Amino acid sequence: MTISKAAFITSLDAYRAFPHQGEPEIAMVGKSNVGKSSLINKLTNNGKLARTSSTPGKTRLINLFHINEELILVDLPGYGFAKVSQQEKRRWAGMIEGYLTGSKHLKMAFVLVDMRHKPTSDDVAMVEYLRHYEIPFHVIATKCDKLSRAERGRSMPVILRTLAVQPWQVLPFSAEDGTGRDELLRLIGDILSPDEAETAEEPAGDLQAPEDKSFT
Ligand SMILES: Nc1nc2c(ncn2[C@@H]2O[C@H](COP(=O)(O)OP(=O)(O)OP(=O)(O)O)[C@@H](O)[C@H]2O)c(=O)[nH]1
Ligand SMILES: [Mg+2]
């Protein structure tokens, strides 16, 4: 797909219904500072759409973005940020889980993990949570610009093993140099039009409709 229009819709401090035309939603989940907001900015080629920071804990609300008026990208607070109070952690977890289980339009979660590090126990718990609620997901291995080709090659099996996912479920990505952007746009296009994806030329394994995917 090509993104021609991207606009901020609203921020919510807890998940609740908002004016909706039934657009599919794709949510960013992952540790604080992993690059969730940066991914949205890179996808939309708008560095100022979602607020980012080198300090973890920047996104503290559920932020909704309208893409081409046909899709909603959902930027969520991160998890695993040690430097906030227990109360704040619970509030953020409530926002994340409230959204993931409350939205009727969520079609896919992108689970972002920093490609330089082994996924954390929180990442494993998130993937198990998504499996439990049967929410389709893809893993996005971020900041891949910081790794050499050899390091990327070593990182991939660690991600696959730790999260118990298949290679087709993991996409290396860089918000810095755009690696993986085209693949991600294609994946989003497939989520929007699963029927077309089935007849596309790519290997069928990568392009099944999300409904057909099994994560067990
Ligand atoms: N080199 C590099 N830096 C990145 C990449 N993605 C994000 N960053 C940097 O990582 C930091 C955190 O990025 P954010 O997009 O704010 O991360 P986030 O996951 O939204 O963080 P929270 O909102 O705090 O949960 C920023 O300094 C970004 O510039 C990437 O692909 N490559
Ligand atoms: Mg953020």
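First listed ligand is number 1; within each ligand, the first listed atom is number 1. What you are looking at is a predicted structure, and each value in this text was computed from that prediction instead of being measured. The first residue in the sequence is number 1, and the count goes up from there.
- Two residues are said to be in side-chain contact when any heavy atoms from C-beta on lie closer than 4.5 Å; Leu112 and Phe173 fail this criterion.
- A donor-acceptor distance shorter than 3.5 angstrom exists from the side chain of Ser155 to the backbone of Met115, with no hydrogens or angles considered.
- For the side-chain contact (heavy atoms from CB on, under 4.5 Å) criterion with Ile140, the lone passing option out of Leu39, Val29, Val113, Val111 is Leu39.
- For atom 31 (O) of ligand 1, the nearest non-hydrogen atom of the protein is Ala175 N, 2.7 Å.
- The environment of NZ in Lys42 is crowded: more than 12 heavy-atom neighbours from other residues, nucleotides or ligands sit within 6.0 Å.
- When only interatomic distances are considered, the shortest N/O to N/O separation between Lys58 and ligand 1 falls below 3.5 Å.
- With a heavy-atom cut-off of 4.0 Å, Ser53 touches ligand 1 through its backbone alone.
- The distance from ligand 1 to the heavy atoms of Gly78 drops below 4.0 Å at these ligand atoms: 25 (O).
- Taking every non-hydrogen atom of Gly57 and a distance limit under 4.0 Å, the qualifying atoms of ligand 1 come out as 24 (O).
- Shortest contact from atom 7 (C) of ligand 1 to any protein heavy atom: Ser38 OG, 3.3 Å.
- Residue contacts with ligand 1: Pro77 is placed with no nitrogen or oxygen under 3.5 Å of a nitrogen or oxygen of the ligand (distance criterion only).
- Among all non-hydrogen protein atoms, the one lying nearest atom 27 (O) of ligand 1 is Ser54 CA, 3.3 Å.
- Taking the charged nitrogens against the carboxylate oxygens, Arg60 and Glu88 do have a contact shorter than 4.0 Å, which makes a salt bridge.
- Taking each of Ser37, Ser32, Gly35, Cys144 in turn, the one with a heavy atom nearest to atom 20 (O) of ligand 1 proves to be Ser37.
- For Met28, no heavy-atom contact with ligand 1 is shorter than 4.0 Å.
- Remark: ligand 1 atoms within the under-4.0 Å shell around heavy atoms of Ser174 are 31 (O).
- Contact of the Lys31 side chain with the Asp122 side chain is not registered, since no non-hydrogen atoms from C-beta on lie closer than 4.5 Å.
- The protein non-hydrogen atom at the shortest distance from atom 5 (C) of ligand 1 is Lys143 CG, 3.6 Å.
- Within the 4.0 Å heavy-atom criterion, the part of Pro56 lying near ligand 1 is the backbone and not the side chain.
- In summary, Ser37 places an N/O/S atom under 2.8 Å from the Mg ion (ligand 2), meeting the contact criterion.
- An N or O contact shorter than 3.5 Å links Asn33 to ligand 1 by distance.
- Annotation: atom 18 (P) of ligand 1 to nearest protein heavy atom, Lys36 N, 3.5 Å.
- Atom numbering of ligand 1 starts at 1 in the shown order; those under 4.0 Å from a heavy atom of Lys146 are 1 (N), 2 (C).
- Taking 4.5 Å as the limit, every side-chain heavy atom of Met28 sits out of range of all side-chain heavy atoms of Leu76.
- Among the atoms of Thr59, an N, O or S atom falls under 2.8 Å from the Mg ion (ligand 2).
- At a 4.0 Å cut-off, at least one heavy atom of Asp145 sits close enough to ligand 1 to count as contact.
- Panel note: side chain Thr142, backbone Val34; a donor-acceptor pair is recorded below 3.5 Å.
- Between His20 and His105, the two ring planes are parallel [angle under 30°; tilted spans 30° to 60°].
- Between the side chain of Thr162 and the backbone N or O of Val158, at least one donor-acceptor pair lies under 3.5 Å.
- A salt bridge does not link Lys107 to Glu25: none of the charged nitrogens lies less than 4.0 Å from a carboxylate oxygen.
- Using a 4.5 Å cut-off on side-chain heavy atoms (C-beta onward), Tyr15 and Glu97 make no contact.
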